[in-house]
Amino acid sequence: MAFGFLRPVSRLGAILVVVALTAGCSWVIGDTPQSTVHPSTEAARMIQSVYATITWWMVAIFVVVEGALIYAILRFRRRPTDEGVPEQIHGNTPLEVGWTLVPLVIVIAFIFPSLRTTCALAKAAPEDALQVKVVGKRWWFEFEYPEYGIITANELHLPAGRMANLELTSDNVIHSFWVPRLSGKRDLVPGRAQHIWFTPEEPGWYEGQCAELCGASHAFMQFRVKVETPEDFERWVKAQQQPAQIDTTSPGFQAFQQNACFTCHSIQGSPFTFARIGPNLTHVASRTTLAGAVLENTPEVMRAWIRNAGQFKPGHAKKGRQEPDLMWNFEHVPDEQIDALVSFLHGLE
Ligand code: CUA
């Protein structure tokens, strides 16, 4: 095995170092896209402070317990002059009571910082917060801005400095909304609206992930949050509010009709504006990603995705069996039609 050349003690040390590094110690080794220890909102900082408080308590407890253990090992070790079996002790009431009560007190004490933060984060968001409805789908996120009449997917745009109040729900199984750098986790539960709110501060991209096991492509159910300056956000809103400019006689739009893409996907500005099963495609070319933010949105990738979604995300089309709410296989469609469709969709900016 690796480290076989080291002495046992050094080998153990090397293994511990590797475990510590691979177990997500980004606190120590720097930033990572889904790091929980580099918060960038007040809500995320409150959560991190609970994490930090409890971690330092645990470190203190570890030092005391291990210190006592090492002291006992050294102080009471067998010496060359020792003979026979040491004195045998059966039970020590003060000790038993002590090591039952002390951990109990510690566990109870842990409740306070987490309860305080939980209560602070459970308050209702102010009325003037930006409302966004988030719907968990298989396996992607839909974002609707009722205030602006926009429906989009995979990429949530938010203005810096304005509180975002997200209403979370699902139309299938339970998912969980999680952007580690912006907030804690909250489940998207069918038939029930839950909320999560935070105020983004720094413009930039923030990576999000479904955090509830929701089926074969759970790990591929991602999303991205783009925090923008208020001016950039206004510009994005204006662009997204425009209906798509469509030439209904173009081969691409014909392919969209012939293959019944409109059964699941809507395009505002076309005759097909009501389907909510798949992502709304009105401005699909303005997004950087596809398929639950796991694929780059290029014409080549989009082409491969339409042909066979299952090659990228398990649980999608299986041979002879298409699930109604999942992206189908279009392997039978002639190349010219797919090419026209992809260039049509990539024109929807
Ligand atoms: Cu949705 Cu995991």
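We number each residue from 1, following the sequence as shown. Order of appearance sets the numbers: ligands from 1, and atoms from 1 within every ligand. Computed from a predicted model, the values in this text were never measured in an experiment. Quick note: numbers below take in every heavy atom, side chains included, and nothing from hydrogens, waters or symmetry partners.
- With respect to H265, the side chain to side chain contact (heavy atoms under 4.5 Å, CB included) criterion is satisfied by exactly one of N280, V284, L345, L281: L281.
- Seen from atom 2 (Cu) of ligand 1, atom ND1 on H218 and atom O on E212 lie at an angle near 80° (rounded to 10 degrees).
- Within 6.0 Å of CD in E296 there are 12 or fewer heavy atoms belonging to other residues, nucleotides or ligands.
- Counting backbone and side-chain atoms alike, C210 contributes an N/O/S atom closer than 2.8 Å to atom 2 (Cu) of ligand 1.
- Under the 3.5 Å distance criterion, with hydrogens and angles disregarded, a donor-acceptor pair is assigned to the side chains of T289 and E155.
- Under the 6.0 Å cut-off for aromatic ring centres, F312 and F220 do not qualify, their centroids lying 6.0 Å or more apart.
- With atom 1 (Cu) of ligand 1 as the vertex, atom ND1 of H175 and atom SD of M221 span an angle of 90° (nearest 10 degrees).
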